[in-house]
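One structure is given below, encoded as structure tokens.
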Amino acid sequence: MSSEIRVTIDGVVHTVASGSSAGELLRQLANGVRPIAARVNGKLVDLSRPVTEDAAIEPVSAESPEGIDILRHSTAHLMAQAVQTLYPGTQVTIGPTIEDGFYYDFAPPTPFTVDDLPKIESKMRELVKADLKVQRVEMPRQEAIALFDSMREKYKVEIIQGIPEERVSLYRQGDWVDLCRGPHVPSTRYLKAFKLTSVAGAYWRGDEHNAMLSRIYGTAFPSKEALEEHLRMLELARARDHRKLGREMGLFFFDPLAPGSPFFLPKGAIIYNQLIEYMRRLYRRYGFEEVITPQIFKNQLWRTSGHWEMFRENMFLTTDGENAAGELDYGVKPMNCPSHALMYRSEKRSYRDLPLRLADFGRLHRAERSGTLHGLTRVRAMSQDDAHIFCTEDQIADEIDRNLRMVREVYDALGFGAIELKLGTMPDKHLGSVEQWRQREEVLGGAMRRNGFDFELNPGEGAFYGPKIEIYVPDALKRKWQAATIQLDFNMPERFDLEYTASAGSRARPVMIHRAVLGTLERFIGVLLEHTAGVLPFWLAPEQMRVLSLSEKVEDYAGEIARLAREAGFRASADIRNEKLGFKVREAELARIPYMAVVGEREAAARAVSLRRLRGEKSQSLSLEAFIEMLKAEPLPC
RNA sequence: GCCGAUGUAGCUCAACGGUAGAGCAACUGACUUGUAAUCAGUAGGUUGCCAGUUCGAUUCUGGCCAUCGGCUCCA
């Protein structure tokens with residue numbers, strides 16, 4: 001073994017003694033850096049890691065993405081140490097970092113509550129002050145199992161038993177130790193800016209049949225300033241919560257008598273219906289035909305479709321009252337696909353009819369578990385911009401293309417920059433052969449690539465009847481919600497025995513594609529409100545223009561302007577109350593009205609308006625005709 | 001459904017084992033207004049619901065309902 005090695009730091013090669021730590025080498029040979037970890041030959045390691053071979057060494061700063069991740073992971077350890085110190089008998093499980101923070105799942109004698117957080121935080125600060133060295137220890141797997149077994153950490157034992165490597169690494173700080181791959185900060189004193197944010201229940205290994213653990217969420221940053229900035233951002237995001245905006249803007253409300261079922265007030269209904277009208281215009285261009293289908297079906301339909309088996313617990317069941325035994329022999333539809341299958345089957349179909357694209361804004365009801373409801377984004381009563389495409393297997397690729405183009409057009413038009421696509425692949429329970437699945441997954445993947453979409457795999461998350469494209473959009477707090485979806489279905493046509501006559505006169509089975517672009521309108525509106533902070537594009541704004549009068553003397557003129565705007569097809573009103581202009585402006589701003597037309601005696605005399613735009617700094621004077629023309633020039637997305 | 005929390009006037013929030021209060025909104029009046037809140041007055045509540053403890057419960061306890069943060073599920 002050579003006693004000298006060559007290390008490259010900042011592009012300069014140094015010859016040094018083997019065995020110095022990465023931290024020492026960086027301190028001596030790199031200029032003025034204060035790393036919390038190091039990257040040696042591309043691999044993240046502790047600063048204390050000895051370097052024993054030729055290597056390129058880079059510092060990892062607390063501010064770098066990897067550094068922040070290490071900081072958060074180390075803070076999770078710090079929290080676990082504090083928790084086990086304060087609550088003896090608590091077992092540790094896992095504590096990963098997540099976007100913007102970390103969590104750690106514990107098995108405590110009694111679940112934690114938010115009241116425990118300040119106590120834990122102050123114990124963490126004590127441990128930071130104690131400046132405990134964080135040391136890596138490697139040992140054979142069996143030895144680690146014995147160690148954690150002696151500590152009665154049964155979850156850790158289970159985790160290590162699942163690790164294939166023969167040696168595992170542990171990290172020790174003070175008298176506390178945890179299994180961990182690392183790396184970590186050199187000492188607890190590096191952890192200066194953290195906050196515990198919430199507690200939650202979480203199932204061991206994410207399975208609801210397992211024990212419920214007690215999870216504590218927290219976050220950490222390289223500096224107090226960065227932490228405070230993050231907390232400020234969270235505050236701002238909460239101001240954009242669609243539930244808050246819905247109340248403030250008078251769009252919708254909920255009543256405990258219909259849990260999970262929004263009531264859309266007149267203004268909210270405008271947004272809802274404008275989105276539907278937008279989709280209808282697109283349908284004309286993209287070749288969809290809208291249909292209207294029943295709401296309630298005999299259970300026989302759900303047995304045929306498979307919903308009885310797969311979805312019954314999420315269905316509202318009912319009866320027409322004529323059933324002598326009092327059975328719930330009808331089900332309220334949770335999806336439109338069975339109706340469309342019946343519609344397909346209502347006529348003899350030829351290959352010349354395909355693709356048949358049936359669109360449906362029908363109302364759907366799903367008995368979602370009570371704990372899962374969430375404002376407009378997770379509801380029990382909803383409509384989707386739903387459609388089912390019946391086509392031949394050869395037509396699938398074209399249809400996927402068509403729908404991906406539609407997705408792009410819609411999300412661009414509505415200003416969603418950051419949509420996330422995933423390909424849900426073959427689940428454990430599936431119909432069809434692995435080869436068929438791989439080929440069909442490739443059809444979807446190929447279509448996404450062809451249309452210039454990046455996507456990730458969502459392994460095993462396809463439907464049992466076929467793979468699917470899932471499109472996610474984030475809310476104000478970066479939670480992802482699935483909106484658009486495109487799913488291939490080879491099962492439903494089978495169950496309903498759907499057929500078409502092929503060109504050769506033979507019988508063939510069509511493929512069914514389930515797809516939605518906005519997804520559920522309720523959810524979409526929720527996410528859209530959070531994206532726009534309620535400042536909607538002109539065509540979606542519930543009230544597009546409001547005339548603000550300065551005094552009683554111009555009441556008539558104000559009313560006339562609103563009337564002219566309404567006659568031109570706009571949603572307009574006049575505020576002729578006895579209030580100061582500032583007050584009226586403020587209310588119009590809070591209602592997010594795109595245009596405010598201020599009129600006083602000056603404007604009335606000149607038949608003009610003083611135009612103020614929403615969130616506008618200054619006003620602009622223009623003639624009444626020019627103003628109406630300006631409204632008319634506002635674009636529709638299509 | 002599970003874990004934790006919350007529920008007081010339309011909204012945002014106080015208070016408390018002994019008759020529940022503010023700001024905004026609503027209503028009435030005055031002011032006649034120039035680009036994000038004019039002033040004054042009036043009215044508004046079985047403190048989510050149902051039990052229990054207590055001389056007395058909005059407050060303490062239990063159950064239920066709803067909501068919020070997560071988990072699971074999912075558009």
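Labels below follow one simple rule: chain letters A, B, ... track the order of the sequence lines, proteins then strands, and each chain is numbered from 1.
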[atom1]-based separation of [M] from [N] [nearest Å]:
N: B:A36; M: B:A43; atom1: P; result: 35 Å
N: B:G7; M: B:A14; atom1: C1'; result: 15 Å
N: B:U72; M: B:G4; atom1: C1'; result: 16 Å
N: B:U47; M: B:A40; atom1: C1'; result: 30 Å
N: B:C64; M: B:A25; atom1: P; result: 41 Å
N: B:A20; M: B:C13; atom1: P; result: 23 Å
N: B:U58; M: B:U54; atom1: C1'; result: 15 Å
N: B:G21; M: B:G44; atom1: C1'; result: 13 Å

Inset, instruction - State which residues pass side chain to side chain donor-acceptor pair (under 3.5 Å) with A:Tyr472; sequence neighbours excluded, sorted by chain then number. - result: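 With neighbours one apart ignored, the set is A:Glu470.
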Legend entry - Dot-bracket encoding per residue of RNA chain B, Watson-Crick/G-U cut-off under 3.5 Å, | denoting interstrand: (((((((..((((....[..)))).(((((.......))))).....(((((..]....))))))))))))....
Inset, instruction - Report which part of the nucleic acid A:Gly375 touches: base, sugar-phosphate, or nothing (heavy-atom distance under 4.0 Å, all strands). - result: sugar-phosphate
Inset, instruction - Quick one: label A:Gly260 by what it contacts on the DNA or RNA (base, sugar-phosphate, nothing), any heavy atom closer than 4.0 Å. - result: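 Contact class for A:Gly260: sugar-phosphate only.
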Inset, instruction - Test A:Thr93 against A:Lys156 for side chain to side chain donor-acceptor pair (under 3.5 Å), laying out the working first. - result: CA-CA 6 Å; A:Thr93 68; A:Lys156 280 291 170 193; over 6 Å; no
Using atom types as modelled, flag every donor-acceptor pair under 3.5 Å from a side chain in residues 246-256 of chain A to any protein atom, sequence neighbours excluded.
from	atom 1	to	atom 2	distance (Å)
A:Glu248	OE2	A:Lys244	NZ	3.2
A:Asp255	OD1	A:Leu257	N	2.8

Inset, instruction - Would you mind telling me which residue lines up with the more 5' stretch of RNA chain B, A:Glu601 or A:Leu373, judged by nearest nucleotide? - result: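 With A:Glu601 and A:Leu373 compared, the 5'-side residue is A:Glu601.
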Inset, instruction - Please tell me which of A:Ser261 and A:Arg479 maps to the more 5' nucleotide of RNA chain B, matching each residue to the nucleotide holding its nearest heavy atom. - result: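 Upstream on the strand: A:Ser261.
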Legend entry - Boundaries of the chain A footprint along RNA chain B (any atom under 4.0 Å from a heavy atom):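 Contacts span B:G1 to B:A75, reading 5' to 3'.
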Legend entry - Pair A:His230 + A:Phe221: ring centers closer than 6.0 Å: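 So the answer is yes for these two rings.
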Legend entry - Pair A:Tyr87, A:Asp116: side-chain N/O donor-acceptor within cut-off below 3.5 Å: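 Present: a donor and an acceptor within the cut-off.
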Legend entry - A:Arg363/A:Glu522 salt bridge by N-O under 4.0 Å criterion: yes
I'd like a table of donor-acceptor pairs (distance under 3.5 Å, sequence neighbours excluded) in which one partner is a side-chain atom from residues 588-611 of chain A, with atom names and distances.
from	atom 1	to	atom 2	distance (Å)
A:Glu589	OE1	A:Arg615	N	3.2
A:Glu589	OE2	A:Arg612	NE	3.1
A:Glu589	OE2	A:Arg612	NH2	3.0
A:Glu589	OE2	A:Arg615	N	3.2
A:Arg592	NE	A:Ala533	O	3.1
A:Arg592	NH1	A:Leu590	O	3.0
A:Arg592	NH2	A:Ala533	O	3.1
A:Tyr595	OH	A:Arg613	NH1	3.3
A:Tyr595	OH	A:Glu634	OE2	2.4
A:Glu603	OE1	A:Gly600	N	2.8
A:Arg607	NH1	A:Glu560	OE1	3.4
A:Arg607	NH2	A:Glu560	OE2	2.7

Legend entry - A:Arg357 side-chain N/O to A:Phe288 backbone N/O, donor-acceptor pair under 3.5 Å: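 Answer holds: no.
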For residues 414-429 of chain A, run the donor-acceptor check on the side chains, cut-off 3.5 Å, and write out each pair with its distance to 0.1 Å, sequence neighbours left out.
from	atom 1	to	atom 2	distance (Å)
A:Thr425	OG1	A:Gly460	N	3.0

